[in-house]
Amino acid sequence: MDLTSVLIAILTLTAGIGVFLVACQTMSNNLESASSRKLRHLFAKTGDNKWVGVGIGLLGTAAIQSSGAVTVMVIGFVNVGIMSLTQAATIIYGSNIGTTVTAQLVALGMFGNGGISTTIIFAAFAGIGAFISLFSKTDKGKQTGGILTGFGMLFVGLSMMASAMDDFAALPEIKTMLASVSNPILLVIVGALLTAIIQSSSVMTSIAITMVVTGLINLTQGIYLTLGSNIGSCVVAMIAGMTSGINAKRTALIHLIFNVMGVVIFMFLALILRITTAGAWSYGTLFERWFPSAPQLQLAMFHTFFNVCTMLIALPLTNVLVSTACRLVPERTDVPEERPRLKYLDPSMLSTPAVALRQFKTEIENMAEMAITNFRRAIKTITTMDFSETEEFRQTEDDLNYLNKELLRYSIALSENNFSSYDQRYLSSTIRTVSDLERVGDYAENIVEYATSLKEQDAAFSQEAVGEILQMEQLVNNLYAEVMQAYHNKDREALGRALTIEDQIDDLTEEMERNHIRRLTEGTCSPAVGAEYLSLAQNSERVGDHLINVGNTIKDLVP
């Protein structure tokens with residue numbers, strides 16, 4: 001083989017890897033978008049049962065075809081405190097098993113030598129999916145087309161990689177060089193480094209399968225490369241964890257310990273097997289015997305076997321792994337608690353946009369609860385002249401201002417993704433919603449300032465005025481409850497009830513103004529106190545307006 005042929009083989013391999021990576025990303029993104037709502041509910045079901053966690057990790061990874069995405073998602077959930085380290089560990093176990101599905105698909109695609117191979121049949125799905133995406137008018141159709149396109153492109157990339165491996169296999173010098181690399185530890189290190197560079201264990205395992213099938217390496221070499229790929233796959237999680245909080249770092253470390261532990265155990269067992277059989281048996285000979293004449297299936301089945309066995313070993317040791325991670329990454333007592341901060345969102349979640357969007361909605365609902373809580377504190381302060389909650393009020397107001405800025409930044413970051421038209425409409429509405437909720441906090445702050453002014457004047461509202469203010473507070477509370485039900489469930493009936501309450505708030509505002517004029521005429525209310533009273537009524541009415549704006553966003557989402 002001349003230099004030109006070698007260069008062509010290298011370029012073909014590079015192109016094949018590129019197509020395979022793009023295919024994984026395309027299929028993963030569309031699968032994630034199509035299943036994000038179910039995936040979010042699936043993760044919400046994580047409880048104390050470790051087997052449930054394994055099942056969720058397995059199903060979640062199989063659903064979106066990306067263990068890296070699931071692991072980063074888990075790190076985000078742990079970082080914001082809605083998932084424990086134990087729950088995260090079990091999901092990671094299942095995720096490692098779920099990622100072997102890609103290797104099984106690759107093995108399936110490499111059958112058929114005499115006629116049309118399964119690789120060609122599966123690769124045709126790329127064209128079918130492209131036509132569906134091109135002519136489909138619905139989000140579901142476009143997502144289906146994207147999934148099929150990504151699936152087909154996997155095998156286009158696989159075919160290119162296999163072609164390049166065939167060319168390399170025809171070169172005796174390369175086969176001799178690769179055959180000389182037999183040290184298991186060295187092969188594991190190579191597999192880990194290549195996976196860390198590619199950032200995809202699926203690609204590394206697929207390359208190993210094509211190398212074994214074309215005879216470029218033997219099955220035992222492929223097995224050790226695959227073992228190394230499991231360690232290299234931790235790089236994505238480690239990067240996500242290192243830029244997040246303490247528990248996120250611990251989660252990434254658990255992932256690394258889990259995979260390294262499995263590799264060490266399997267390497268030790270391989271050594272024992274070789275010693276006790278005088279070199280006659282190895283993992284390679286065992287899987288060749290169990291799956292004869294199918295080298296692609298031999299390596300794919302070993303990959304699954306390894307991850308299932310590692311999970312079975314690690315599951316009863318989960319608490320030990322968690323405590324080890326906690327000791328290696330201890331709490332820092334010298335660092336004050338970070339405030340303010342997002343409660344349900346983490347920057348690492350941006351790697352799984354569809355799930356991040358669901359968390360974004362939860363964060364907005366949390367912001368709404370904070371805003372209405374401050375409104376209630378403000379009403380309590382001005383009706384009782386009790387300023388004991390002033391510090392909590394100020395802290396919440398700071399948090400609301402922070403959320404307003406951070407959620408705007410998060411919204412801009414999310415908008416760069418290719419969401420469905422429904423999700424795009426929702427995302428567009430969030431900027432206005434966040435601004436409305438921040439304004440609720442501002443009006444609450446105005447009310448506290450009115451209370452401060454009354455205190456400085458050594459004045460207070462009459463009992464009749466206080467009664468009207470409390471009546472207004474009750475209506476605003478009722479409005480808030482209906483608006484949030486409408487917002488959370490996209491409930492038009494709840495929105496209709498909220499609009500009725502808003503009319504009642506408008507009527508009460510006018511009644512409060514009339515009663516204020518009457519009290520001024522009767523001399524039971526001073527002009528100075530009356531000014532604060534009128535401003536309070538108008539501010540409360542505007543709080544209702546901003547809450548209604550939040551509810552009205554569902555009109556563009558629900559037909």
A side-chain contact here means heavy atoms from C-beta on lying under 4.5 Å apart; do Asp491 and Leu495 qualify? no

Side chain of Ser429, backbone of Tyr426: donor and acceptor closer than 3.5 Å? yes

Please determine whether a side-chain nitrogen of the Lys or Arg among Asp442 and Arg439 lies less than 4.0 Å from a carboxylate oxygen of the Asp or Glu. yes

Looking only at heavy atoms, what is the nearest atom pair of Val483 and Ala498, with distance? CG2-CB, 3.9 Å

Distance col, row Ile382:CD1 vs Phe387:CZ, nearest 0.5 angstrom, shows 8.0 Å

Testing the basics here: between Tyr450 and Leu536, what is the closest heavy-atom pair and its distance to 0.1 Å? CE1-N, 3.8 Å

Keeping the roles fixed (side chain from Thr310, backbone from Asn307), state whether a donor-acceptor pair exists under 3.5 Å. no

Sub-3.5 Å donor-acceptor pair from the side chain of Glu438 to the main-chain atoms of Asn404, do we have one? no

Inter-residue atom distance Lys490.NZ - Thr553.OG1, 0.5 Å rounding: 10.5 Å

Just by distance, do the side chain of Ser411 and the backbone of Leu407 share a donor-acceptor pair under 3.5 Å? no

How many angstroms lie between CZ in Phe360 and CG in Leu414, if you round to the nearest 0.5 Å? 6.5 Å

Counting distance only, does the side-chain N/O of Glu363 pair as donor-acceptor with the main-chain N or O of Lys343 below 3.5 Å? yes

Side-chain (Asn230) to main-chain (Asn259) donor-acceptor, under 3.5 angstrom: no

Can you find a pair of side-chain heavy atoms, one from Met311 and one from Asn96, that are under 4.5 Å apart? no

Side chains of Asp399 and Gln395: donor-acceptor distance under 3.5 Å anywhere? yes

Does any non-hydrogen side-chain atom of Ile469 lie less than 4.5 Å from one of Glu473? no

Are Asn515 and Glu468 linked by a side-chain donor-acceptor pair shorter than 3.5 Å? yes

Checking the side chain of Gln359 only, and the main-chain atoms of Leu345 only, is there a donor and an acceptor separated by less than 3.5 Å? no

Taking everything shown except Glu493 itself, do over 12 heavy atoms lie less than 6.0 Å from its CD? no

Carboxylate-amine/guanidinium contact Glu392 Arg377, below 4.0 Å: no

Report all side-chain donor-acceptor pairs from residues 499-511 shorter than 3.5 Å, counting only partners two or more places apart or in another chain.
{"residue": "Thr500", "atom": "OG1", "partner": "Gly496", "partner atom": "O", "Å": "3.2"}
{"residue": "Thr509", "atom": "OG1", "partner": "Ile505", "partner atom": "O", "Å": "2.8"}

How close do Thr90 and Gly53 get, counting heavy atoms only, and between which atoms? OG1-CA, 3.4 Å

Val543 and Tyr480, any side-chain heavy atoms less than 4.5 Å apart: no

Are Arg358 and Asp423 within salt-bridge range, i.e. N to O under 4.0 Å? yes

For the residue pair Thr433 / Tyr487, report whether a side-chain donor-acceptor contact shorter than 3.5 Å exists. no

Of all heavy-atom pairs linking Ser201 and Ser233, the shortest is CB-CB, 3.8 Å

For the pair Asp398 and Arg394, find out whether any cationic side-chain nitrogen is under 4.0 Å from an anionic carboxylate oxygen. no

Could you check whether any side-chain heavy atom of Ile379 comes within less than 4.5 Å of a side-chain heavy atom of Gln474, counting everything from C-beta outward? no

Output yes when a side-chain donor or acceptor of Lys361 lies under 3.5 Å from a complementary backbone atom of His488, and no otherwise. yes

Residue from Ile372, Asn366, Thr373 passing side chain to side chain contact (heavy atoms under 4.5 Å, CB included) with Met370: Asn366

Between the side chain of Lys455 and the main-chain N/O of Met385, is any donor-acceptor distance below 3.5 Å? no

